[in-house]
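Comments concern the structure below.
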Amino acid sequence: MTYRGIFLNDEAPCLTTWVKNTFGTQRGGHEFYAKCFELILRLRGNFMWPAMWDWAFYADDPENSKTANDMGVIMGTSHHEPMARNHQEWARNPRAYGGQWDYTTNKQELQRFFREGVERAKNTEDLITIGMRGDGDAELRGSDEDNMKMLEGLFADQRQIIKEVTGKPAEQRPQVWALYKEVQTYYNKGLRVPDDVIILLSDDNWGDIRRLPNAEERKRKGGWGMYYHVDYVGAPRNSKWLNITPIQHLWEQMQLTYDYGVDKIWVLNVGDLKPMEYPITLFLDMAWNPTAFTVETLLDHTYDFCLEFFGEEEAQEAARILNLCCKYNGRISAEMLDARQYYTLETGEFEQVCDDYARLEAEALRQYLRLKPEYRDAYQQIILFPVQAMGNIYDMYYSQAMNQKLARNNDPAANYWAERCERDFKRDAELCAYYNKEMSGGKWNGMMIQKHIGYTSWNDNFRADTQPRVTRVEKGDKEGGYVFTQKDGVVAMEAEHFYAQKAVTSGSAKWTTIPFMGRTLSGVALMPYSQPTDGASMTYKFNLTEDVENLQAVIAVNATLTFYRLEGHRYMVSLDGGDEIEVVFNERLNEDQRNIYSVYYPTVATRVKDDRVQLGKAAKGEHTLTIRPIEPGTVFEKIVIDAGGYIKSFLFMPESPYIRE
């Protein structure tokens with residue numbers, strides 16, 4: 001007999017709430033489990049470990065075991081639930097069995113507990129788990145040597161109970177011993193079970209196989225199995241909310257498993273079940289014939305999956321989006337993600353990942369709107385919601401990171417990111433509420449109440465999601481004060497991020513920031529334009545990290561035409577208060593037939609004119625650049641100091657790091 005199936009694990013609060021809302025029961029009864037068995041059979045599985053956090057499969061509903069037997073699903077119990085007993089049967093009333101989950105001090109009562117389980121299961125095909133861990137899926141107390149000695153005696157006693165209850169030799173009743181966590185250490189140190197017992201290996205709870213049998217070990221009669229996770233409850237953080245397993249990783253690790261002869265049991269920890277539709281399908285489709293799934297055919301599985309749910313016209317695009325969603329979500333779980341996960345904002349990676357999600361969400365929404373109405377519910381559950389929900393989480397933490405960075409610089413721009421972070425937190429709740437109450441007419445009410453924001457420890461899962469902390473900066477009357485630092489041979493500065501502005505000496509013109517103007521952040525100009533510009537200037541402060549032989553500046557201004565001075569409008573540039581350099585930026589912006597197609601149209605059509613200014617030698621350290629308009633109507637947009645690293649760029653490269661004095 002070979003076993004292929006799933007394990008419902010740590011089913012609160014989502015699955016328990018859904019069962020209560022759907023079946024009206026506090027715990028999983030046979031009506032619920034019949035649906036699970038149907039799912040397993042439709043996916044050609046034959047095996048199940050039942051939920052065990054707060055439920056007891058055998059005790060909660062006597063019809064559970066009968067239903068499994070009638071439907072042809074073989075039951076087992078998880079790695080820490082020996083002898084066909086559910087842990088909750090002990091946890092609800094430990095005093096009935098002596099009060100101590102300790103085989104050294106409470107052997108007789110634990111044997112009674114074990115015997116009752118085998119007696120209940122003797123007329124079924126249930127696979128009996130032997131061995132034991134500590135109470136509540138914890139490590140056994142004591143030294144490895146003492147625990148190994150205890151387990152040797154326990155194995156013999158458990159097999160004797162099986163023999164006595166069934167009336168047959170123990171080797172005729174299939175058994176499994178799970179090498180989960182520290183139990184694998186005991187095996188590595190030499191602890192063994194009889195040759196007929198299946199040895200169940202496990203991954204590391206995050207999808208990486210911990211151990212595989214060597215050639216000699218593969219000869220054992222009982223064979224080997226694999227316990228694999230796409231859901232996990234434990235340190236450092238739970239992974240329960242959404243699927244974060246890329247199908248490529250699952251396929252690669254299970255290929256490794258099969259190549260080493262591990263094929264007696266394949267059981268998948270699916271947590272609350274509902275969010276794991278696709279990995280469950282892939283796992284059980286692979287389970288009976290893993291060699292049919294190759295690098296060349298793996299993506300065909302995603303296509304076939306989407307073909308069944310979304311139709312031929314949309315299957316290819318749906319498969320592409322689903323693969324990317326699994327890939328992106330696989331980078332880090334929502335439960336572990338925070339504002340520090342991408343180390344530093346300076347690499348641009350955090351922003352890139354947020355942009356990837358935003359693009360994917362737009363593509364998923366576009367496809368959703370194209371779908372026939374009968375496909376939309378399934379599409380929301382399997383593709384659209386995971387893309388939107390995880391993308392929103394990324395944007396929330398990116399916003400928090402930006403808020404923290406700008407707040408450290410006393411930059412009022414931090415307030416925008418604080419509001420965006422709070423808005424994303426609110427949207428998360430709205431997305432989950434829609435999933436629970438409105439999607440599919442409320443069919444899945446309760447399945448999306450899992451904690452996933454603001455973990456402080458792995459087991460604080462019943463606390464509510466908590467808004468990431470943000471800081472607000474008082475705007476006050478302060479302007480300027482920006483000090484930039486060279487990065488990769490460049491100092492790129494938005495025009496509104498000046499160090500200081502000098503007002504005009506006559507008239508009433510003032511420096512005015514025009515939000516959203518230009519190709520990047522904004523434009524800055526003296527307004528009103530009818531007033532003189534005499535004496536007005538803007539100064540930018542920056543630090544060079546090295547001596548530069550030929551420092552240059554690239555200055556981008558709005559492509560203003562020569563409305564005031566026909567020979568061209570001018571601004572002056574000076575480094576560190578030295579000699580001014582005159583720049584005439586628009587003398588060729590006219591409809592002269594000699595340059596209308598080479599200069600005029602390409603410039604005015606893209607609305608920006610940029611000029612390169614030679615500044616000469618500059619030593620490592622702090623410098624200032626001052627720009628002074630001569631004619632009115634000059635709108636400055638970006639200033640780039642080229643210390644040898646500038647790459648010609650339509651957006652004049654990302655803004656450089658700065659602080660605010």
Side-chain angles (χ1 to χ4, degrees), residues 482 484-499 517-525 537-562 565 567-590 592 594-620 622-631 633-656 658:
Y482 292 87
F484 289 83
T485 298
Q486 172 189 337
K487 181 185 177 185
D488 299 328
V490 173
V491 184
M493 302 173 285
E494 294 288 351
E496 72 170 73
H497 291 163
F498 50 84
Y499 182 76
M517 185 171 183
R519 294 182 189 170
T520 54
L521 182 63
S522 60
V524 182
S537 65
M538 287 194 294
T539 297
Y540 296 84
K541 184 181 285 190
F542 58 92
N543 287 288
L544 296 178
T545 58
E546 58 192 348
D547 295 341
V548 181
E549 283 295 314
N550 182 26
L551 193 69
Q552 302 178 49
V554 176
I555 299 176
V557 299
N558 182 56
T560 304
L561 303 184
T562 57
R565 180 177 181 266
E567 300 90 337
H569 291 193
R570 301 160 294 170
Y571 59 83
M572 310 298 287
V573 180
S574 65
L575 179 68
D576 298 329
D579 293 341
E580 289 188 313
I581 302 166
E582 182 181 85
V583 178
V584 183
F585 68 89
N586 60 359
E587 76 276 13
R588 298 183 66 196
L589 294 187
N590 54 64
D592 189 319
R594 291 171 295 181
N595 65 19
I596 191 170
Y597 292 109
S598 61
V599 177
Y600 175 73
Y601 281 138
T603 303
V604 297
T606 57
R607 297 185 174 84
V608 171
K609 177 64 167 64
D610 60 284
D611 286 282
R612 182 174 285 271
V613 182
Q614 304 292 328
L615 300 174
K617 288 186 177 183
K620 174 182 177 180
E622 189 173 272
H623 296 272
T624 59
L625 185 84
T626 300
I627 54 178
R628 180 172 64 85
I630 304 300
E631 282 73 37
T634 305
V635 183
F636 296 97
E637 296 185 6
K638 200 157 186 178
I639 296 90
V640 181
I641 304 300
D642 182 6
Y646 179 70
I647 300 171
K648 187 171 178 59
S649 164
F650 194 73
L651 301 182
F652 308 103
M653 301 188 70
E655 190 169 36
S656 300
Y658 64 80

- [ ] Would you confirm whether D576, through its side chain, and G578, through its main-chain N or O, come within 3.5 Å as a donor-acceptor pair?
- [x] no
Task: Results of ring-ring contact (aromatic ring centres under 6.0 Å, His included) for Y597 - residues two or more places apart only - done: Y601
Task: Rounded distance [0.5 Å steps], CZ in F585 versus CD1 in I555 - done: 11.0 Å
TODO: Would you please name every residue forming a side-chain contact (heavy atoms from CB on, under 4.5 Å) with D488, sequence neighbours left out?
DONE: none
- [ ] Might you point out which heavy atoms bring K638 and E494 nearest each other, and give the distance in Å?
- [x] NZ-OE2, 3.7 Å
- [ ] Kindly give the heavy-atom pair with the smallest separation between E582 and V584, and that separation in Å.
- [x] OE1-CG2, 3.8 Å
Task: Distance-only polar pair, side chains of Q486 and S656, donor-acceptor under 3.5 Å - done: no
Task: Atom pair OH (Y600) and CZ (R594), whose distance is rounded to the nearest 0.5 Å - done: 16.0 Å
Task: Check: I639 and V491 side chains under 4.5 Å, non-hydrogen atoms - done: no
Open item on the list: Using every non-hydrogen atom in the two residues, find where N550 and Q614 come nearest and quote the distance to one decimal.
Closed with: OD1-OE1, 3.1 Å
Task: Side chain to side chain, Y482 and K541, heavy atoms closer than 4.5 Å - done: no
Open item on the list: Just checking R612: does its CZ atom have more than 12 heavy atoms from other residues, nucleotides or ligands closer to it than 6.0 angstrom?
Closed with: yes
TODO: Report yes if the side chains of N543 and H623 come closer than 4.5 Å at any heavy-atom pair, otherwise no.
DONE: no
Open item on the list: How long is the straight-line distance from CE of M493 back to CE of M653, given to the nearest 0.5 Å?
Closed with: 13.0 Å
Task: Those residues that, when tested against Y646, pass ring-ring contact (aromatic ring centres under 6.0 Å, His included) (two or more places apart) - done: none
Task: Those residues that, when tested against S574, pass side-chain contact (heavy atoms from CB on, under 4.5 Å) (two or more places apart) - done: E580, T626
Open item on the list: Checking H569 now: which residues fulfil ring-ring contact (aromatic ring centres under 6.0 Å, His included) with it, not counting sequence neighbours?
Closed with: F563
Task: Where G577 and T624 come nearest, the two heavy atoms and their spacing - done: N-OG1, 4.3 Å
Open item on the list: Regarding E546 and K620, does a basic nitrogen lie under 4.0 Å from an acidic carboxylate oxygen?
Closed with: no
Open item on the list: For the residue pair R588 / T603, report whether a side-chain donor-acceptor contact shorter than 3.5 Å exists.
Closed with: no
Open item on the list: Taking E637 first and then R519, would you say they form a salt bridge - that is, a charged N and a carboxylate O separated by under 4.0 Å?
Closed with: no
Task: Any V490 side-chain heavy atom under 4.5 Å of I641 side chain - done: no
- [ ] Write down the atom of G568, the atom of R565, and the distance for their closest heavy-atom approach.
- [x] O-NH1, 2.6 Å
- [ ] First locate atom CG of D611, then atom CD of Q552, and finally report the distance between them rounded to the nearest 0.5 Å.
- [x] 12.5 Å
- [ ] Step through it carefully: locate the ring centre of Y540, locate the ring centre of Y499, and say whether they are under 6.0 Å apart.
- [x] no
- [ ] With sequence neighbours left out, write down each residue that passes ring-ring contact (aromatic ring centres under 6.0 Å, His included) with F498, or none if nothing qualifies.
- [x] none
- [ ] Provide the closest heavy-atom pair for L544 versus A619 in the form atom of the first, atom of the second, distance.
- [x] CD1-O, 3.8 Å
- [ ] Could you tell me the separation between the CG atom of L615 and the CG atom of D579, rounded to the nearest 0.5 Å?
- [x] 12.0 Å
- [ ] For side-chain contact (heavy atoms from CB on, under 4.5 Å), just list the numbers for L521 and E496, CA-CA rounded to whole Å, side-chain angles, deciding distance to a tenth of an Å, and then say yes or no.
- [x] CA-CA 8 Å; L521 182 63; E496 72 170 73; 3.5 Å; yes
Task: Trace of the side-chain contact (heavy atoms from CB on, under 4.5 Å) decision for L561 with V604 - done: CA-CA 9 Å; L561 303 184; V604 297; 3.9 Å; yes
Open item on the list: Counting C-beta onward and ignoring hydrogens, is there a side-chain heavy-atom pair between I627 and V573 closer than 4.5 Å?
Closed with: yes
Open item on the list: Let's go through T562 and N590 carefully: what are the C-alpha distance in whole Å and the side-chain angles of both, what is the deciding distance for side-chain contact (heavy atoms from CB on, under 4.5 Å) to 0.1 Å, and is it a yes or a no?
Closed with: CA-CA 8 Å; T562 57; N590 54 64; 5.5 Å; no
TODO: Taking T606 for its side chain and P602 for its backbone only, find out whether a donor-acceptor pair lies under 3.5 Å.
DONE: yes
Task: Within-4.5 Å side-chain heavy-atom neighbours: T539 and L625 - done: no
TODO: Answer yes or no: is there a side-chain heavy-atom contact under 4.5 Å between R628 and I630?
DONE: yes
TODO: Would you mind reporting whether K609 and T560 have side-chain heavy atoms less than 4.5 Å apart?
DONE: no
Task: From CA spacing to verdict: side-chain contact (heavy atoms from CB on, under 4.5 Å), F542, T485 - done: CA-CA 6 Å; F542 58 92; T485 298; over 6 Å; no
